[in-house]
Amino acid sequence: MRQLRRNRAAMLALGVIVLIVTACLLAPFYAHVIAHENPFASNITGTIRLNGKTVNVLQANTQGLGYGVTPIGPTWHFSNYFLGADDQGRDVFARLLYGGRSSLYIGASSAVICVAVAAIAGVAAGYFGGAVDWIVSRIFDIIWAFPVYLLAISLSVILETNGINFLFIHIEQGSLTIPILIIASVFIPYVGRPLRGIVLSLKEREFIQAAIGSGASDFHILRKEILPNVAPTIIVFFPLMVAFNMLTESALSFLGIGVQAPQASWGTIINDGLGLLYTRPLVGIMPGLMIVLTAGALNVLGDGFRDAFDPKAKLRGSI
Amino acid sequence: MTGLMSMKRVGALLSSFAVCALGVAAITASTPAGAATGYQKQHAGGTVKLLASTAAGTLDPQVNYTLQYWQLYQATYDGLVSFQKVAGAASFDVVPDLATAMPKVTDNGKTYTFVLRKGIKFSNGKTVTVNDVLSSMQRLFKVSNPNAGSWYNVIVGGAACLTKPATCTLKGGVVVNAATNTVVFNLTAPDAEFLDQLAVPFGSILPSTAPSKDAGDTPLPGTGAYEFKSYNPNTGLVMVRNPYFKVWSAAAQPQGYPNEIDMTFGSTVESEVTAVENGQADWVFDPLPSDRLQQLSTKYASQLHVNTLTADWYLPMNTNLAPFNNLKARQALNYAIDKNAAVSLFGGKLLATPTCTILPPGFPGFVQSCLYNKGTSSTYAGPDLAKAKALVTASGTAGMKVGLVVTNDPVNEAVGQYVLSVLNSIGYKATLKPQSANIQFNYIQNTKNKVQISLTQWYQDYPAASDFLKVLLSCSQFHPGNDNSINIAGFCNKTIDAQMNQAEALELTNQTAANKIWGQVDQALMKQAPWVPLFNPKQIDFIGKRVGNYQFSRQFYMYVDQLWVK
Amino acid sequence: MLRFILRRFASAVVVLFTISVMVYLIFFATPGVDPAARIAGRSASPAVVEQVRIAFGLNRPLPIRYLLMMDHLFIKRDLTSYVNIGDKVVPQILAAAPVTLSLVLGAVVIWLIVGVLGGLVAAANKGKFIDPLIMFLGIAAVSVPAYWLGEVVNLITQNELHSSVFAWLPAPGWVPLTQSPGEWALHLLFPWLTLAALYAGIYARVLRAELVNALNEDYVRTARAKGLSERRILLRHALRCSLISITSLFGLDVGALVGGAALLTEVVFGLPGVGLLTYNALENLDLPVIMGTVMYGAFFIVLASAVVDVVYALLDPRVRIV
């Protein structure tokens, strides 16, 4: 811990993350108290007061033949369409804050699920070996070999049209839980495989062999001997998985199969922005920059974790 | 027809006797494409480069049902009759093509006698004979033509062909005589739309050697001024001059200008527009991205062509499913939607007009009215949210969940997001379900999918009121549990149905009186509010700087073979 | 050893089989996709739809249809699309593969040069100003969503600046190498750079970590004690060992990319490769094409990981027990 605190880059990254998370958590406050805008309702024929003048949020073109309609650009007035409007006439800055909430929420919760499931499966496979190992390894193989985006896209196409109705589990179409589960399941092998490898090599070590020889229960060995040894790796993996899951979420939303309207995430805002790339490029660029900033900070933090807890952990950067 | 945004499927062609009669009468009055000043030889030659983001499926003209290829078939295939190749309203008229004249209709409209032109050759060099006509009609059934069971089964023997396509003969239905070069069609009942059905690409005459199954991506020989040289759905298609083509009727099949017409698939719409801007291509098939319109209408104004279409963008509401099985809920949404907002998302007032009726303006039977409006004006003034909210409360449907199914292209999804926002603002809990355009159109028709509301389009084929009212909202067009149930609202009202039948019967004798009833039908339907009509769109074409002689058919849009690149 | 190799490849076949079954089931669980109705066309009557159903064998039980599809895909190789009737799946994939290969191979060259150089320079200058700078760039590269980077590149190169600075750049698209090598490279330049950025970042970071570890190992200390120069130690000893672990990473990455993992780059730049083919097929729910591309992609991934495992087993006999 002390070593982590001495790592200036990691502390700076942590600061950035805290700042972004706080700003995103304050989204409702900004939208309702400062901007007085509902960032989820279309405002196509609306107007705003700007420098004492009434201006349309969406403006019909006046030059040339006059085809097309362009949303208002950045006003640089903090309380009023700071970064301009999107094609629905919604406040881009407010949506950026709300979108950040979804992106961070999806990134973090899918990372928790992914790392937890991967840890249980990977440790069980490595420790028990035999049939357990065979089955877990083959499941890892299958998920691994299913091209990542294909698996995610295929699952999304079905789940997003139907929702999940499996036995007692009911998740509605359009719920954030769907992208969370999809992203979590797709990356389980990426975490599970290295953990299995670590447990395999641990099992060869004398102190574990001694514990097995002394007749200690499996549960005892797992808890007292194995877990403390894989925990650092899990901790190191976590921020990197959050970063990577955020990137995946944005890619899925870009392909139109992640977060569904009227919810927003940085990925869906980039997607909205693509339709305005030639007239209002900022709508698509800003959420991308936010992703880069957040994912970058998480990666730096992950590096800091590694240096502090598990300098030998072999990670693929951002996988 | 419908679904212009992506797959551009061409829809049912339903017209009346009156339209056909009008068509025949009008031939002499209109001038064929390219014939206004005669064929201008100095412009012949060169390669026209067309761009489309994706291919549109099979190239077989008797199977393909998309506007994307129907537009190209105009230059490659001919039927016994065809739509006149002229610009403007006369492009709806049916003229003799491979037949020497319009058919002699006898036996109370049940027998059509055509005389085949002599000496016309297919692009493979073989002469067109009456046997080719017979085999082409049989082939409609053998290749499972999409409308074999709804259009062509009116031919005697058609029913038998439907059940056993492999052995289809159409015996007694199509009788040919090689000596007199005549083809006689015998129908089981009079059919006002029969000639129109022969004039679309399905009615193309192909060599009798054409395979009796869907030819897929193998080009079939035709009689047009061009032939397909190659087709690869992943990369593109090439059309070259048909070496055996000689003009027999410029109104039916004019000589084309370019030596070659290419359509390239695979790039994004944005890149396509860039390519035309940079002079690397001549035309973009796909709808133009809305954020490019400003740039195009300032820098490339002379290369843009806008044409009025008689078409509707509308929201069909499922009248058999909550909450829209409640009339007040349907009326509430009609009051709540701001049609000007939808117009703005489509590209602004110059590219679309808000509408309150099912029939587009200028249509036979069209009466200007606006039942759900702010104020009492007959033209659209704006939404009335207070009335809408009151109706939702009165209907007792507030708080219900509503799923809106749209296609996932940018414009449809943008309009969908707006409608979603309105649904939420009047008290529903709405979610958006974007789907690929390829799937959505059939998905929203099938009652099994329990679609509550969707966004879709209908593009007319003929200026006939029945093409909208009867096709889209009569009881006979509603097939529960079927992917092909074009009455998407599932609307069925026996009184209005009877009124429609009355109007159709009257068309044979008194078009004016019939139109008046069609107008009343439109009003009666809007009182029941099975739809929210949004706007009437316009077609916008962006062509390359070097291209000349842009001509627009209201039937099949721009004539690709008439473009000048020299 | 032979037994290990056989076992490894047997499990690869099991994995491929399971994936094919999964794809098949997933798409038959999807609502609103009756292939018969879609082949028959929009207003087809029920009789016509039934006709199509029989003609395409869509009326038979699911397991039979699965076997028929596999037969058409792998043995007869004449499986055709549900959307582009008559369009065979296998030739489509074979036509798309060179595009993906061109994209991946070009990117590989760039990312290996940039990544290895970056890792080397950073490790050699550990603690100096240039090391954190390179690592910062590496982190930025791995944190950028690839598709967003591609769109921004398109915005910069194809919009306002296209008439001045980037006038030499053609509109995005694909030109085969055989048609014009110059145009081929010009069309692929920015896709290469975009795809390579992420991997260059990853490889520079991984290589630096490996090198720093290796420089602390005994054999390096021995070499130092022998009085070898630092440069020689870094290049001859540390780099050689570090590259071995990079190789397995490299094998898996290239396998995945050739198999279609460059989907987003292909979509953004409109390159008609396996990724775009898959993407379009998914948009249209064109099951035969999806099946073909997934099997193609999975094949490369499974092959790459099997080869990597076998090579490892050859180098390190202890792995074989696993």
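Each chain gets a letter, A, B and so on, in the order its sequence line appears, and its residues count up from 1.
For A:Leu274, the part sitting under 4.5 Å from any heavy atom of chain C is the side chain, from C-beta outward, and nothing else. Both the backbone and the side chain of A:Leu277 come within contact range of chain C, judged by heavy atoms closer than 4.5 Å. Proximity to chain A (any heavy atom under 4.5 Å) is restricted, for C:Val268, to the side chain, taken from C-beta onward. Of the two parts of A:Leu298, neither the backbone nor the side chain holds a non-hydrogen atom closer than 4.5 Å to a non-hydrogen atom of chain C.
Heavy-atom pairs under 4.5 Å with chain C were tallied for A:Ala295, A:Gly267, A:Gly288, A:Ser137; the largest tally goes to A:Gly288. Interface summary for chain C: among A:Leu293, A:Thr294, A:Leu289, the most heavy-atom pairs under 4.5 angstrom belong to A:Leu289.
Taking both residues in full, the closest heavy atoms of A:Ile285 and C:Trp148 are given as O-CZ2, 3.3 Å, listed atom of the first, atom of the second, then distance. In terms of heavy atoms, C:Leu264 sits closest to A:Ala251 at CD1-CB, 3.7 Å.
Taking CG of A:Leu247 as the start and OH of C:Tyr147 as the end, the distance is 8.0 Å to the nearest 0.5 Å. Once rounded to the nearest 0.5 Å, the distance linking CG of A:Asp303 with CE of C:Met135 reads 9.0 Å. Considering OH of A:Tyr278 and CG of C:Asn154, their distance stands at 6.5 Å, rounded to 0.5 Å. C:Ser143 OG to A:Ile291 CD1: the interatomic distance, rounded to the nearest 0.5 Å, is 10.5 Å.
With a 4.5 Å cut-off on side-chain heavy atoms, A:Arg138 and C:Thr18 do not count as touching. Residues C:Glu151 and A:Ile270 are not in side-chain contact: their nearest non-hydrogen atoms beyond the backbone lie 4.5 Å or more apart.
Within 6.0 Å of the CZ atom in A:Phe128, the count of heavy atoms belonging to other residues, nucleotides or ligands exceeds 12.
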